[in-house]
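Below is one structure. I have some questions about it.
Numbers restart at 1 for each chain; the letters A, B, ... are given by sequence-line order, proteins then strands.
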Number of protein chains: 2
Amino acid sequence: MNAGGAPENGQVVIGLNAVIVAIIEEQPKVLIVQHTPETLTAQHETLTDRALPHDDRHEALPFGPFYPLKHRTLESGLRSWVEEQTNHEIGYVEQLYTFGNEGRDPREEAGGPRLVSVSYVALVQDTAPTAIETAIWHDWYRYFPWEDWREDTPALLESDIIPALRQWIETSTDPAQRQDRYERTCITFGLDDTPWNDELVLERYELLYEANLVAEAQDHITDPVQIDFRGTAMALDHRRILATAIGRLRGKIKYRPVVFELMPPTFTLLQLQKVVEALSGSRLHKQNFRRLIEKKGLVEATGKIESQTGGRPASQFRFRREVLMEKQALGVRQN
Amino acid sequence: MNAGGAPENGQVVIGLNAVIVAIIEEQPKVLIVQHTPETLTAQHETLTDRALPHDDRHEALPFGPFYPLKHRTLESGLRSWVEEQTNHEIGYVEQLYTFGNEGRDPREEAGGPRLVSVSYVALVQDTAPTAIETAIWHDWYRYFPWEDWREDTPALLESDIIPALRQWIETSTDPAQRQDRYERTCITFGLDDTPWNDELVLERYELLYEANLVAEAQDHITDPVQIDFRGTAMALDHRRILATAIGRLRGKIKYRPVVFELMPPTFTLLQLQKVVEALSGSRLHKQNFRRLIEKKGLVEATGKIESQTGGRPASQFRFRREVLMEKQALGVRQN
DNA sequence: CCCCTTATACTCAAACTGAGCACAAGAGGC
DNA sequence: GCCTCTTGTGCTCAGTTTGAGTATAAGGGG
């Protein structure tokens with residue numbers, strides 16, 4: 001029996017997709033591989049790349065095959081290939097979404113099977129280097145430069161994106177559509193006094209895509225400079241998957257203690273704050289942040305002192321892993 | 001190309017699973033079909049049942065096939081068969097989880113393909129009856145009687161489950177394991193002053209399963225009475241899926257305005273409260289609930305009066321669907 | 001008209017939040 | 001050794017939110 005029923009109903013292929021996140025030097029990073037459309041659907045390929053002209057290649061999320069005979073669960077399948085290939089121990093894995101849209105894989109048009117990808121977010125600690133030379137840690141704001149508000153409003157927003165969106169709104173001839181576009185822009189991009197919502201990463205990306213301000217991998221790009229101007233494009237719908245992952249993580253840290261999966265065994269409170277800020281792309285009030293953390297009781301002082309702070313030495317803390325279960329309900333984000 | 005890679009790596013089948021929820025007469029209901037292990041994996045079957053001896057049948061979640069050639073997205077595939085088969089318009093669909101565990105489908109043992117189910121929660125309004133006679137609306141607390149705290153603590157908990165769990169804790173010979181069991185029971189079942197957390201539906205179910213206090217479909221049940229004593233069993237892992245759905249919904253209503261998808265076009269605030277209570281399985285403080293709702297601005301008075309309240313007439317409200325996008329961040333739950 | 005029920009307004013203390021002040025304690029320059 | 005810069009840490013304070021009531025309104029049924 002084939003996947004998805006009788007052959008006349010089409011064939012299906014299952015892949016496991018991973019957004020592997022680490023914080024390296026206060027920057028949020030994702031593990032990225034270079035891939036061609038061909039290697040992307042070849043489920044038995046490793047992450048290793050082939051030599052190919054640069055134009056045909058795209059930055060992609062790593063993926064692995066799902067072998068029902070080898071893998072007891074989807075998650076264990078994911079864990080096994082990620083750990084094997086990246087040399088990182090995965091502290092935390094969360095299923096993100098299953099993507100099965102038509103047209104995800106350009107090879108479908110040529111009669112290829114439908115690609116269904118079960119995607120995961122994995123959090124790893126900033127430790128060993130990756131085993132694969134072709135896999136690189138990239139700052140995730142490389143793909144979404146407008147999402148990083150840690151140093152004030154992103155310049156690109158003010159100078160380019162907002163004006164372009166306003167023009168897109170005005171471009172519409174139908175007043176109802178204009179109204180609709182305006183409202184959605186307000187909500188997602190915080191226009192005209194609406195506050196910026198850090199979780200709407202996917203919604204913002206999709207609005208930009210609709211307004212033709214960012215390119216997807218499939219799009220024909222005549223001007224190669226434009227590829228990177230409003231963030232780097234990715235293979236297939238991987239940029240969308242990444243946007244989903246960032247939005248989800250930003251939401252999750254507010255009510256579950258998942259940040260600690262990204263932390264070294266001991267850390268100072270400022271280090272913890274920097275990690276939260278890296279993920280959420282915003283600045284937090286230091287005193288209130290420590291008040292929050294201490295109140296939740298997720299953390300305990302080791303008694304040691306960290307003196308490489310550039311100022312007064314800070315006490316070291318450790319995550320109280322014992323409370324992981326107990327504190328299902330406790331996050332780490334003010335606001 | 002077959003699903004999941006080369007044949008020696010096993011075959012895979014994709015199904016779409018739906019937890020279809022409606023509130024009928026203040027009770028949370030799920031749409032349930034009767035199915036045998038055979039019909040469960042026959043992806044091209046409709047919901048319609050076959051005549052079979054009662055013992056071989058189990059209550060199951062409805063599912064539908066995914067046809068890559070017909071369905072542009074997984075969600076549209078789901079929508080199309082649900083709407084066609086249930087006669088209900090679906091207001092809201094959310095992807096829940098993709099299950100691909102080994103042993104989900106007993107036919108695997110006989111060399112059958114691995115069953116991967118993409119499951120969804122769908123919310124429908126309490127309107128037209130279902131098109132299928134074999135599909136029934138069942139109270140979801142039928143499967144999880146310990147989850148309904150609307151009338152005080154569930155009797156079953158005090159009289160049966162908690163004592164049985166305490167015994168299970170003591171049964172362990174290893175003190176570390178005993179400690180672990182005790183802590184997990186505290187957290188999930190709110191033992192010894194730990195507060196009850198309404199979202200831990202799946203965690204509670206899995207603890208009970210581990211403690212051998214509930215049966216799964218595959219289990220051999222010698223005493224048929226026990227099937228229903230601690231909640232009715234379901235086919236395959238459907239009870240687990242349902243638990244996931246309930247937990248997810250209980251979480252979601254707290255920060256997204258999804259309840260309104262279950263409401264009729266106009267309603268009183270008490271009706272709205274009853275629906276929230278039905279989902280969360282707990283009682284809310286009436287005055288504070290209305291304060292919350294009014295503050296959020298999700299709702300507006302129609303100006304009309306509902307006088308069938310059994311007391312003073314209440315004003316009718318309508319959901320302000322305009323703010324659906326805007327209020328991404330607003331839920332409806334105190335606490 | 002009394003009583004039961006539900007609706008709705010309003011109060012009040014406790015807890016939480018956002019913002020900021022003030023001081024502590026190291027490093028480096030002079 | 002002292003000044004200054006930097007980061008850590010304790011504490012205040014007003015504004016808001018929350019949980020838990022009290023009080024009153026307004027229908028229906030006997």
Side-chain angles (χ1 to χ4, degrees), chain A residues 25-26 149-150 195-198 253-255 263 266-277 280 282-318 327 329-335, chain B residues 25-26 149-151 195-198 253-255 266-277 280 282-318 327 329-335:
Chain A
E25 288 162 7
E26 302 189 357
W149 287 62
R150 286 174 297 174
W196 180 268
N197 182 337
D198 66 5
I253 52 170
K254 289 176 193 159
Y255 61 97
M263 302 301 299
T266 66
F267 47 85
T268 68
L269 291 185
L270 184 58
Q271 281 163 13
L272 182 62
Q273 182 180 344
K274 293 283 186 200
V275 171
V276 173
E277 289 177 343
S280 70
S282 63
R283 283 252 161 270
L284 300 173
H285 182 281
K286 182 147 78 168
Q287 295 93 318
N288 291 347
F289 180 77
R290 47 168 53 246
R291 176 174 67 187
L292 178 79
I293 296 300
E294 283 170 350
K295 192 188 52 183
K296 302 273 178 183
L298 294 168
V299 121
E300 69 191 352
T302 63
K304 292 202 187 104
I305 293 284
E306 176 64 66
S307 45
Q308 309 307 310
T309 57
R312 170 175 167 179
S315 24
Q316 263 189 0
F317 289 84
R318 161 180 37 236
K327 302 295 174 160
L330 293 182
V332 99
R333 187 70 201 302
Q334 35 195 330
N335 128 21
Chain B
E25 289 162 8
E26 301 188 359
W149 286 62
R150 286 175 297 174
E151 313 294 330
W196 180 267
N197 181 337
D198 65 6
I253 52 170
K254 289 175 193 159
Y255 61 99
T266 67
F267 47 84
T268 68
L269 292 184
L270 185 59
Q271 281 164 12
L272 181 62
Q273 182 181 345
K274 292 282 186 201
V275 171
V276 173
E277 289 177 343
S280 70
S282 65
R283 283 252 161 272
L284 300 173
H285 183 283
K286 180 147 80 169
Q287 296 94 318
N288 290 348
F289 180 78
R290 48 168 51 247
R291 176 174 67 185
L292 178 79
I293 296 299
E294 284 170 350
K295 192 188 54 182
K296 302 273 178 183
L298 295 168
V299 121
E300 70 191 351
T302 63
K304 291 202 188 103
I305 294 285
E306 176 64 63
S307 44
Q308 309 306 309
T309 57
R312 170 174 166 180
S315 22
Q316 261 188 1
F317 289 84
R318 161 180 38 235
K327 303 295 175 161
L330 292 182
V332 100
R333 187 70 201 303
Q334 36 192 328
N335 127 24

Which atoms of nucleotides 11-16 of chain C (N or O only) lie under 3.5 Å from a protein N or O atom, and what are those distances?
none

Open item on the list: Tell me if a side-chain donor or acceptor on B:Q273 pairs with a main-chain N or O of B:L284 at a distance below 3.5 Å.
Closed with: yes

Task: Under the side-chain hydrogen bond (donor to acceptor under 3.5 Å, both in side chains) test, residues paired with A:Q271 that sit two or more places apart - done: none

TODO: Rounded to the nearest angstrom, tell me the gap between atom NZ in B:K296 and atom C1' in D:dT17.
DONE: 10 Å

Task: Gap between atoms CD and C1', on A:Q308 and C:dG28 respectively (whole Å) - done: 14 Å

- [ ] Would you mind reading off the distance between B:F289 atom CZ and D:dT18 atom P, rounded to a whole angstrom?
- [x] 14 Å

Task: Counterpart residues, salt bridge (charged side-chain N to carboxylate O under 4.0 Å, His left out), relative to B:R312 (two or more places apart) - done: none

Open item on the list: Just to verify, what does A:E26 make a salt bridge (charged side-chain N to carboxylate O under 4.0 Å, His left out) with, not counting sequence neighbours?
Closed with: none

TODO: Would you mind reporting whether B:V276 and B:F289 have side-chain heavy atoms less than 4.5 Å apart?
DONE: yes

Open item on the list: Can you list everything that forms a salt bridge (charged side-chain N to carboxylate O under 4.0 Å, His left out) with B:E151? Sequence neighbours excluded, please.
Closed with: B:R283

Open item on the list: Measuring only between side-chain heavy atoms, which start at C-beta, is A:Q316 closer than 4.5 Å to A:R318?
Closed with: no

- [ ] Would you name the heavy atoms of B:R150 and B:E277 that are closest together and state the gap between them?
- [x] CD-O, 3.4 Å

Open item on the list: Could you tell me how far apart A:E306 (CD) and C:dA27 (P) are, to the nearest whole angstrom?
Closed with: 12 Å

Each nucleotide N or O in nucleotides 5-9 of chain D that has a protein N or O under 3.5 Å away: list the pair and distance.
unit_1 : atom_1 : unit_2 : atom_2 : d
D:dT7  : O2     : A:R312 : N      : 3.3
D:dG8  : OP2    : A:K286 : NZ     : 2.7
D:dG8  : N2     : A:R312 : NH1    : 3.1
D:dG8  : N3     : A:R312 : NH1    : 3.3
D:dT9  : OP1    : A:S315 : N      : 3.0
D:dT9  : OP1    : A:S315 : OG     : 2.7
D:dT9  : OP2    : A:R290 : NH2    : 2.5

Open item on the list: Nearest whole Å is fine: how far is D:dG10 C1' from A:L292 CG?
Closed with: 17 Å

TODO: Could you check how far CZ of B:R283 sits from C1' of D:dG21, rounded to whole Å?
DONE: 18 Å

